[in-house]
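A quick write-up on the structure given underneath.
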Amino acid sequence: MTTPHINAPAGAFADTVLLPGDPARARWIATHLLDDAQQVTDVRNMLGFTGTWRGKRVSMMGTGMGIPSCSIYATELVREYGVRRLVRVGTCGTSAADVALGDIVVALGASTDSRVNRQRFGGHDLAALASFALVRAVADAAQQAGQPLRIGNVFSTDMFYHPDPALFDLLDRHGVLGVEMEAAGLYGVAAELGVEAVAVLTVSDQIRNKQAMPVAQRETGLEAMLRIVLDAVTA
Ligand code: HPA
């Protein structure tokens, strides 16, 4: 069995797939955190792996950047491989004064400048929402680990290099916690296909003052977040 973008055999993916943007991150999670991890797909080097965490089967797969790329993999994983839970694990920028580098943001909802959800929802505005069950599971696992979370709205942009700096004032006035490029599309796919999704994001950039998380902190911060997510999805 293969799809246009995934060459894994039937049954190769677990019910739950963690979705980092970077396929190298998928490999890092598989080799550093999972037990018995096997690579299951490599089309376009968009690597996917299945292994176990505390004895429970779980998969990882890179999605690339942006809503179109992420939506392709999410759709094929659900339609062709029967995946039921899609968990984006990535980074976001922030322009909010009260959100710090290294904070973990759970995207309860995802606003966007993309039109994909209007296209799939008859021209109307779909409230792009995370699965409550997954949000609660992540919140419970974070509490267990003593890790504070920010839970709220993010903004999924089609433009990493956004031409209008006033966008960030608008986001701040509306309490948006983070800016990334996939969650709204992922939540739209999940709504359309009747599966669960959530995006859990480490804040890697402060857009206002161009501060970025140092590389070493990126690694350790991301690992703490990943352990919480893995605990949450296997609880
Ligand atoms: N913008 C969009 N996506 C991102 C950012 C950002 O500043 N940081 C990490 N992902």
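When a ligand or atom number is given, it counts from 1 through the structure's own listing order.
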Which protein heavy atom lies closest to [atom], and at what distance to 0.1 Å?
{"atom": "atom 4 (C) of ligand 1", "answer": "Val179 O, 3.5 Å"}
{"atom": "atom 2 (C) of ligand 1", "answer": "Phe160 CD1, 3.6 Å"}
{"atom": "atom 10 (N) of ligand 1", "answer": "Thr91 O, 3.7 Å"}

Which atoms from ligand 1 have a heavy atom of [X] less than 4.0 Å away?
{"X": "Asp205", "result": "8 (N), 9 (C)"}
{"X": "Ile207", "result": "7 (O)"}
{"X": "Met181", "result": "2 (C), 3 (N)"}
{"X": "Gly93", "result": "5 (C), 6 (C), 7 (O), 8 (N), 9 (C)"}

### Task
Measure the OH-OG distance between Tyr187 and Ser131 for me, rounded to the nearest 0.5 Å.
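Output value for this atom pair is 9.0 Å.
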
### Query
Can you tell me how far the CG atom of Leu77 sits from the CG atom of Asp15, to the nearest 0.5 Å?
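Between atom CG of Leu77 and atom CG of Asp15 there are 12.0 Å.
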
### Query
Purely on distance, is any nitrogen or oxygen of Thr157 under 3.5 Å from one on ligand 1?
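For ligand 1, there is no N or O atom that lies under 3.5 Å from one belonging to Thr157.
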
Tell me yes or no: between the side chains of [X] and [Y], is some donor less than 3.5 Å from an acceptor?
{"X": "Trp28", "Y": "Asp22", "answer": "no"}
{"X": "Glu180", "Y": "Ser156", "answer": "yes"}
{"X": "Ser95", "Y": "Asp172", "answer": "yes"}

### Plane angle bin for Phe121 and His124 - parallel if under 30°, tilted between 30 and 60°, otherwise perpendicular
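Rings of His124 and Phe121: perpendicular, as their planes differ by over 60°.
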
### Message
Tell me whether Val138 shares a hydrophobic cluster with Ile29, the cluster being built from Ile, Leu, Val, Met, Phe, Trp, Tyr side chains joined at under 4.5 Å.
### Response
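Yes.
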
### Task
With heavy atoms only and a cut-off of under 4.0 Å, state how Cys92 meets ligand 1: side chain, backbone, both or neither.
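Backbone only.
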
